[in-house]
Amino acid sequence: MPNSRRRFLSRASAAFAAAAAACRKPAPNPSPGSAALPPGAPPAFGTAPDVGPPVSPATFAEAGKLVQFELSESDRGMAAGNWRKSMAPLYERRTGPRKYVPPPEVAPATRWDPVLPGQQPGPARDRFLRTSGPPGPLPAQDRDIAFAPLSRLSRWIESRRLTSERLTQIYLDRLERFDARLRCVITLTRDLALSQARQADREIAAGHYRGPVHGIPWGAKDLLDTAGIPTTYGAEPYRNRVPARDAAVVQRLHDTGAVLVAKLSLGALALNDIWFGGQTMNPWLLEEGASGSSAGPGAATAAGLVGFSIGSETGGSIVSPSMRCGVTGLRPTYGRVPRTGAMTLCWSLDKLGPMTRGVEDALLVLHAISGPDPGDVASVPSRLDYDAAAPVAGLRIGYIPAWMKESPATDVDRAALDTARKLGMVPAEVSLPDWPYDSLALILFAEGAAAFEELTLGGGLQQLKVQVPDAWPNLFRQARFLSAVDFVQADRFRRSVAREMARIFSGVDLLLVPSLRDEILTITNFTGHPSLTFRAGFVEVAEARSDWAPDPAHPLPKFSPPRRVPHGITLIGRLFDEGTLGRAGVAFERALNVAGECPPGF
């Protein structure tokens with residue numbers, strides 16, 4: 001999760017579960033010493049035996065400060081008087097005697113559906129027409145091959161001007177050479193990679209070409225299960241975890257002939273960019289982290305260590321490292337790409353998507369990994385209509401004027417709006433209600449704490465390297481005190497926000513937004529809309545950037561003169577309309593012509 005989320009991480013972490021209650025729990029037997037109920041008498045609330053620790057009116061006085069809900073003196077007395085009969089028994093699932101721990105693969109019974117009633121999501125047809133034409137001559141230098149976009153690598157391999165084995169060896173050598181500077185590799189999969197590459201070469205030589213990712217070396221964020229290969233979540237308690245099966249996305253890439261060269265780093269349990277091996281660094285500015293939580297995919301892709309990578313996003317974890325490391329990140333519509341076999345942080349928010357060096361590259365990978373899987377109840381059938389040659393003139397591109405005039409927008413963002421006009425797109429001013437969007441983070445914290453409840457209750461969180469207030473250990477513990485009533489109200493708020501996004505997209509085809517604008521990053525992750533982040537220019541920074549809340553004891557490095565780093569813009573699309581995002585992104589990429597520059601020293 002990225003830097004822009006620090007504000008709502010700090011705001012949304014104080015509430016209390018004392019308000020969670022109203023479900024009828026019949027008392028199976030009368031309380032000891034009480035008279036038997038007459039025939040036909042219904043069960044009543046508050047008649048179970050006393051359980052749990054004693055509470056007093058003072059307990060509720062203090063708890064009220066957490067939830068900002070004050071009870072009168074008499075109300076506190078009544079609440080304390082029957083808490084152990086009415087509410088404490090509701091925790092039996094966790095406290096016993098009849099405990100139940102949900103298996104990891106069991107999702108909540110309710111699920112988020114980003115498509116509102118009456119909406120027709122996405123395109124009406126399936127079509128995928130990539131850029132035509134020759135890829136140009138194969139470079140003489142291995143470095144130039146390594147930095148080539150997937151769209152060119154795939155053409156060279158298809159035409160057998162480049163073998164998968166040679167390309168795989170180039171990336172394995174670069175991973176070993178540069179990882180000490182970037183700390184982006186958790187597990188190098190050399191033996192598997194060379195075996196897959198040789199198999200790809202045999203198949204292609206025999207005329208069995210499987211498609212654009214056949215023979216292409218790639219890296220997986222280390223929350224995707226890989227059979228017989230450690231999948232660590234970047235966290236100390238899981239560093240020796242070896243799954244028996246591949247994640248659905250991993251299996252799909254195996255099936256298309258892609259070559260897995262590395263399991264790449266992520267911030268522990270998908271937060272920011274510090275894992276048990278250290279901090280993953282930005283290839284463009286080695287004094288700062290790569291941003292997270294898809295830090296390894298961002299750094300490795302930017303430094304030319306893989307052909308492409310797969311990242312994940314819950315609240316900015318593809319957008320932020322793509323922005324900072326100068327790569328393309330495609331966060332698909334919620335439900336398009338199955339998460340079976342991926343670490344769960346939030347069932348209603350998690351998304352898997354490609355991180356690449358070019359816009360069309362991301363569409364090529366998305367095409368390979370899309371489609372439902374029975375292991376992910378939120379995954380759905382969807383269509384992808386992409387034509388690289390289709391015109392963009394006439395596309396209505398929405399923007400919020402005030403956002404373009406203030407931080408975090410830069411001259412690069414404003415220039416992109418001018419570029420849209422030159423491309424024949426039609427800019428349109430749009431607006432959002434002035435609502436407390438950060439309040440949606442209550443859902444994130446509650447789901448995250450539920451996903452890692454056993455780690456919290458068992459003390460495993462204490463093993464994580466980072467123990468600052470804005471890291472998961474503290475946030476998961478605080479989330480135990482969030483109100484169930486407020487969770488439901490946040491969920492209703494989420495539906496209202498989705499309606500506002502539907503209103504906006506009734507008048508535009510896509511949105512242009514500053515990539516790390518807190519409101520839109522939060523909104524679109526919770527509504528499930530797809531986003532495409534790609535390099536659009538360069539800016540200068542006088543201080544290193546961080547995902548973490550400021551720590552006066554450890555100030556960030558300052559630079560004089562300022563350092564030049566890439567800067568990305570973000571397009572937001574309609575639900576399941578990644579094809580339009582890709583078409584517009586390719587047009588921007590060609591017009592801006594800044595995607596080809598590589599980080600110095602790599």
Side-chain angles (χ1 to χ4, degrees), residues 7-38 41-100 110 434-450 453 456-457 461 469-470 473-496:
R7 182 156 56 94
F8 74 67
L9 282 169
S10 61
R11 284 183 183 174
S13 59
F16 186 56
C23 78
R24 176 173 288 253
K25 180 182 188 300
N29 296 298
S31 301
S34 65
L37 295 175
F45 290 136
T47 57
D50 285 349
V51 298
V55 297
S56 69
T59 306
F60 285 88
E62 292 302 307
K65 297 175 183 177
L66 296 179
V67 295
Q68 301 179 45
F69 175 66
E70 185 177 354
L71 294 172
S72 68
E73 183 176 354
S74 62
D75 289 343
R76 290 196 297 269
M78 181 180 292
N82 92 324
W83 173 265
R84 297 177 68 208
K85 292 182 182 295
S86 63
M87 298 298 168
L90 302 180
Y91 296 125
E92 183 181 6
R93 176 203 61 82
R94 174 167 54 84
T95 62
R98 296 176 299 174
K99 293 185 179 181
Y100 174 76
T110 55
D434 186 19
W435 286 348
Y437 298 106
D438 285 352
S439 298
L440 293 168
L442 187 150
I443 297 170
L444 185 158
F445 294 133
E447 288 196 33
E453 180 181 57
T456 303
L457 300 180
L461 289 173
D470 56 317
N474 179 55
L475 294 170
F476 286 168
R477 289 189 291 262
Q478 286 181 321
R480 304 298 313 187
F481 304 102
L482 291 170
S483 159
V485 173
D486 287 317
F487 181 92
V488 173
Q489 297 298 65
D491 208 32
R492 297 175 69 198
F493 178 37
R494 185 180 195 175
R495 183 67 64 194
S496 297

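Nothing here was measured: the structure is a model prediction, and the numbers come from that model. All residue numbers in this chain count up from 1 along the given sequence.
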Participant: Would you say the side chain of Phe487 lies within less than 4.5 Å of the side chain of Leu482, judging by non-hydrogen atoms?
Facilitator: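 Leu482 vs Phe487: side chains apart.
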Participant: If you round to the nearest 0.5 Å, how far is CG of Asp50 from NZ of Lys85?
Facilitator: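 If we round to the nearest 0.5 Å, Lys85:NZ and Asp50:CG are 4.0 Å apart.
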Participant: Give me the ring orientation class for Phe493 and Tyr437: parallel if the planes are under 30° apart, tilted from 30 to 60°, perpendicular past 60°.
Facilitator: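 Phe493 and Tyr437: parallel rings.
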Participant: Looking only at non-hydrogen atoms, find the nearest pair between Leu475 and Asp470 and report the distance.
Facilitator: CD1-O, 3.7 Å
Participant: Write down the atom of Ser86, the atom of Leu90, and the distance for their closest heavy-atom approach.
Facilitator: O-CG, 3.9 Å
Participant: About how many Å separate OG of Ser483 and CG of Leu442, when rounded to the nearest 0.5 Å?
Facilitator: 7.5 Å
Participant: For the residue pair Arg477 and Thr456, what are the closest heavy atoms and their distance?
Facilitator: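 Minimum heavy-atom separation between Arg477 and Thr456: CG-CG2, 4.1 Å.
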Participant: Report the residues that fulfil side chain to side chain donor-acceptor pair (under 3.5 Å) with Ser74, sequence neighbours left out, ordered by chain and then residue number.
Facilitator: Ser72
Participant: Could you work out, with salt bridge (Lys or Arg N to Asp or Glu O under 4.0 Å) as the rule, every residue matching Arg93, not counting sequence neighbours?
Facilitator: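 Expected list: Glu453.
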Participant: Taking all non-hydrogen atoms of both residues, which atom of Gly77 and which atom of Pro57 are closest, and how far apart?
Facilitator: CA-CG, 4.0 Å
Participant: When you look at Val51 and Arg84, which way does the side chain to side chain contact (heavy atoms under 4.5 Å, CB included) test go after all the steps?
Facilitator: CA-CA 5 Å; Val51 298; Arg84 297 177 68 208; 5.5 Å; no
Participant: Count the heavy atoms of every other residue, nucleotide or ligand shown that sit under 6.0 Å from CD of Glu70, and state whether that count exceeds 12.
Facilitator: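 For Glu70, atom CD is not crowded (no more than 12 foreign heavy atoms under 6.0 Å).
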Participant: Suppose we screen for salt bridge (Lys or Arg N to Asp or Glu O under 4.0 Å). Which residues come up paired with Glu62, at least two apart in sequence or across chains?
Facilitator: Lys65
Participant: Output the distance between atom CG (Asp491) and atom CG (Asp486), rounded to the nearest 0.5 Å.
Facilitator: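 Nearest 0.5 Å value for the CG-CG distance: 12.5 Å.
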Participant: Rounded to the nearest 0.5 Å, what separates atom CG in Asn82 from atom CE in Met87?
Facilitator: 7.5 Å
Participant: Hey, what do you get for CG (Asp75) to CZ (Phe60), rounding to the nearest 0.5 Å?
Facilitator: 11.0 Å
Participant: Identify the two heavy atoms, one from Arg94 and one from Lys99, that lie closest to each other, and give their separation to 0.1 Å.
Facilitator: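 Reported closest heavy-atom pair: O-CE, 3.5 Å.
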Participant: For Ala80 versus Val55, what's the shortest heavy-atom pair and its separation?
Facilitator: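 That would be O-CG2, 3.9 Å.
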